Amino acid sequence: MDLLVPPSLLFDYRLRIPQCSGPLSGTKGRLLKLPESSQLFIPSRLNEQPVFASVRAAWNTDGFALSVNVSGKPAPPSGVSADLVRSDCLLVWMDLRPAGNVHRATEYCHHLVFLPVDEHQDGGPSVVVQPIAQQRARRGETDPGKIKCRTHTRNDGYELEIWIPGSQLYGFRDISELGRIGFCCVVQDMDLGEQPLSLGREFPIGFDPSTWPQLELTS
């Protein structure tokens with residue numbers, strides 16, 4: 001029998017993430033050098049949720065680093081930015097002023113979707129900026145072209161590396177003083193299904209920032 005309340009909902013998660021260097025120079029090879037301590041605990045494990053991806057996150061005053069590593073995938077990643085529902089992708093929500101009890105997205109909230117492969121981008125990775133339902137206001141503009149992504153494919157999956165400059169996230173400039181951000185993600189895979197960080201999309205994670213875990217920014 002399905003649990004009415006998933007175990008991951010019973011805890012207030014604050015996941016520590018370290019500082020990192022910025023993106024590496026060069027157009028080939030690794031984009032980021034993230035330490036082992038940047039690997040996130042996946043609270044959805046408590047819900048007996050299948051886990052096929054690991055997620056790493058880190059930060060510095062210039063931007064936010066993220067990577068997802070998918071394993072056990074029987075086919076190469078595929079997708080098209082015009083049809084996100086039928087694409088392999090990483091959905092990310094961020095709140096740069098998390099209060100923990102605010103149920104409606106503010107101007108400090110962002111929703112980005114990252115595709116490891118986009119047929120509209122000659123098979124390379126791409127970024128889509130998505131609206132958040134019922135968001136109170138939006139300030140600043142996120143330019144997908146200024147976000148760096150790099151995909152590394154393997155026979156059984158892929159790794160997607162992401163660097164988001166702070167200039168592309170409204171409110172990022174002051175996060176070192178705040179010391180934390182709200183963060184939620186879902187790895188969507190056409191072969192393996194969905195893996196949320198904590199709660200799945202049967203909950204209002206798409207527009208309610210109080211459902212997003214928090215990342216504590218460490219030095």
Side-chain angles (χ1 to χ4, degrees), residues 6 8-9 11-15 17 40 43-44 55 57-59 61-66 68 79-115 118 120-121 125-149 160 162-188 194-217:
S8 66
L9 187 60
F11 302 94
D12 180 16
Y13 292 99
R14 296 206 174 183
L15 309 176
I17 65 170
L40 297 180
S44 64
V55 180
W59 74 288
T61 55
D62 294 324
F64 186 79
L66 186 62
V68 58
V80 56
S81 53
D83 190 4
L84 296 177
V85 174
R86 295 177 178 82
S87 297
D88 296 323
C89 59
L90 173 68
L91 299 96
V92 171
W93 294 265
M94 301 175 70
D95 183 358
L96 301 186
R97 294 295 184 277
N101 59 356
V102 175
H103 299 281
R104 186 176 173 187
T106 69
E107 64 267 34
Y108 298 103
C109 295
H110 305 267
H111 179 27
L112 305 173
V113 181
F114 303 93
L115 287 78
D118 184 354
H120 283 179
Q121 297 290 337
S126 69
V127 184
V128 179
V129 179
Q130 289 282 84
I132 300 177
Q134 304 175 23
Q135 187 168 13
R136 293 178 182 174
R138 293 189 66 185
R139 296 185 186 178
E141 293 293 333
T142 299
D143 182 354
K146 294 184 178 179
I147 298 175
K148 296 184 177 182
C149 299
L160 173 61
I162 301 160
W163 172 258
I164 310 174
S167 62
Q168 302 307 305
L169 296 170
Y170 179 73
F172 189 89
R173 183 180 61 182
D174 302 318
I175 66 163
S176 59
E177 298 177 9
L178 183 65
R180 54 191 171 84
I181 63 175
F183 178 84
C184 180
C185 70
V186 174
V187 183
Q188 175 181 292
E194 288 193 356
Q195 178 189 308
L197 177 64
S198 181
L199 299 175
R201 287 194 276 182
E202 66 272 20
F203 290 87
I205 63 171
F207 60 87
D208 185 348
S210 72
T211 64
W212 306 346
Q214 292 189 15
L215 303 182
E216 291 190 351
L217 313 179

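This structure is a prediction, so every number in the text was calculated from the model and none was measured.
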Point to revise | Separation of Ile17 CD1 from Ile181 CD1 (nearest 0.5 Å) | key: 5.5 Å

**Study point:** Any donor-acceptor N/O pair, Ser198 side chain to Pro43 backbone, under 3.5 Å
**Key:** no

Review point. Step by step, would you call Phe64 with Leu217 a side-chain contact (heavy atoms from CB on, under 4.5 Å)?
Key: CA-CA 11 Å; Phe64 186 79; Leu217 313 179; 5.5 Å; no

**Study point:** Interatomic distance, Leu199 atom CG to Ser44 atom OG [nearest 0.5 angstrom]
**Key:** 9.0 Å

**Study point:** side-chain hydrogen bond (donor to acceptor under 3.5 Å, both in side chains) contacts in which one or both residues fall within residues 202-213, not counting sequence neighbours
**Key:** His103-Asp208, His103-Ser210, Asp208-Ser210

Review point. Hey, what do you get for CE (Met94) to CD1 (Ile164), rounding to the nearest 0.5 Å?
Key: 5.5 Å

Check your understanding: Say you draw a straight line from CD of Gln195 to SG of Cys185; how long is it, rounded to the nearest 0.5 Å?
Key -> 8.0 Å

Review point. Could you walk me through whether Leu40 and Leu215 pass the side-chain contact (heavy atoms from CB on, under 4.5 Å) check?
Key: CA-CA 9 Å; Leu40 297 180; Leu215 303 182; 4.2 Å; yes

Review point. So, do Leu197 and Cys184 sit near enough that their side-chain heavy atoms are less than 4.5 Å apart?
Key: no

Check your understanding: Listed by chain and number, what are the side chain to side chain contact (heavy atoms under 4.5 Å, CB included) partners of Arg14, not counting sequence neighbours?
Key -> Asp12, Arg180, Gln214, Glu216

Study note, to complete from the structure: Those residues at least two apart in sequence (or on a different chain) that pass side-chain hydrogen bond (donor to acceptor under 3.5 Å, both in side chains) with Gln188 are Arg201

Check your understanding: Can you find a heavy atom in the side chain of Leu90 that is under 4.5 Å from one in the side chain of Leu66?
Key -> yes

Exercise for review: Sequence neighbours left out, what passes side chain to side chain contact (heavy atoms under 4.5 Å, CB included) with Ala82? Give chain and number order.
Suggested key: Val80, His120

Which atom pairs, one a donor and one an acceptor, fall under 3.5 Å between side chains of residues 141-148 and the rest of the protein, sequence neighbours left out?
| residue | atom | partner | partner atom | Å |
| --- | --- | --- | --- | --- |
| Thr142 | OG1 | Gln168 | O | 2.7 |
| Asp143 | OD1 | Gly145 | N | 2.9 |

Revision key, fill the gap. Rounded to the nearest 0.5 Å, the CD atom of Gln121 sits from the CG atom of Leu115 at a distance of 9.5 Å

Check your understanding: Do the side chains of Trp59 and Ser176 get nearer than 4.5 Å, heavy atoms only?
Key -> yes

Practice item. First locate atom CZ of Arg173, then atom CG of Leu96, and finally report the distance between them rounded to the nearest 0.5 Å. Key: 12.5 Å

Point to revise | ring-ring contact (aromatic ring centres under 6.0 Å, His included) involving Tyr108 - partner list, sequence neighbours excluded | key: Tyr170

Review point. Is there a donor-acceptor pair under 3.5 Å between the side chain of Gln134 and the backbone N or O of Arg104?
Key: no

Review point. Considering residues at least two apart in sequence or located in another chain, which fulfil the side-chain hydrogen bond (donor to acceptor under 3.5 Å, both in side chains) criterion with Ser87?
Key: none

Practice item. Answer yes or no: is there a side-chain heavy-atom contact under 4.5 Å between Ile205 and Val186? Key: yes

Review point. Where is the tightest heavy-atom contact between Gly206 and Ile132, given as atom of each residue plus distance?
Key: O-CG2, 3.5 Å

Check your understanding: Under the criterion ring pair (Phe, Tyr, Trp, His ring centres under 6.0 Å), which of Trp93, Phe207, Phe183 is the partner of His111?
Key -> Trp93

Point to revise | side chain to side chain contact (heavy atoms under 4.5 Å, CB included) involving Pro125 - partner list, sequence neighbours excluded | key: Cys149, Thr151, Leu160

Exercise for review: Among residues two or more places apart or on two chains, list those pairs meeting salt bridge (charged side-chain N to carboxylate O under 4.0 Å, His left out) that have a residue in residues 79-98.
Suggested key: Lys73-Asp88, Asp83-Arg86, Arg97-Asp174

**Study point:** Partner set under side-chain hydrogen bond (donor to acceptor under 3.5 Å, both in side chains) for Ser81, not counting sequence neighbours
**Key:** Asp118

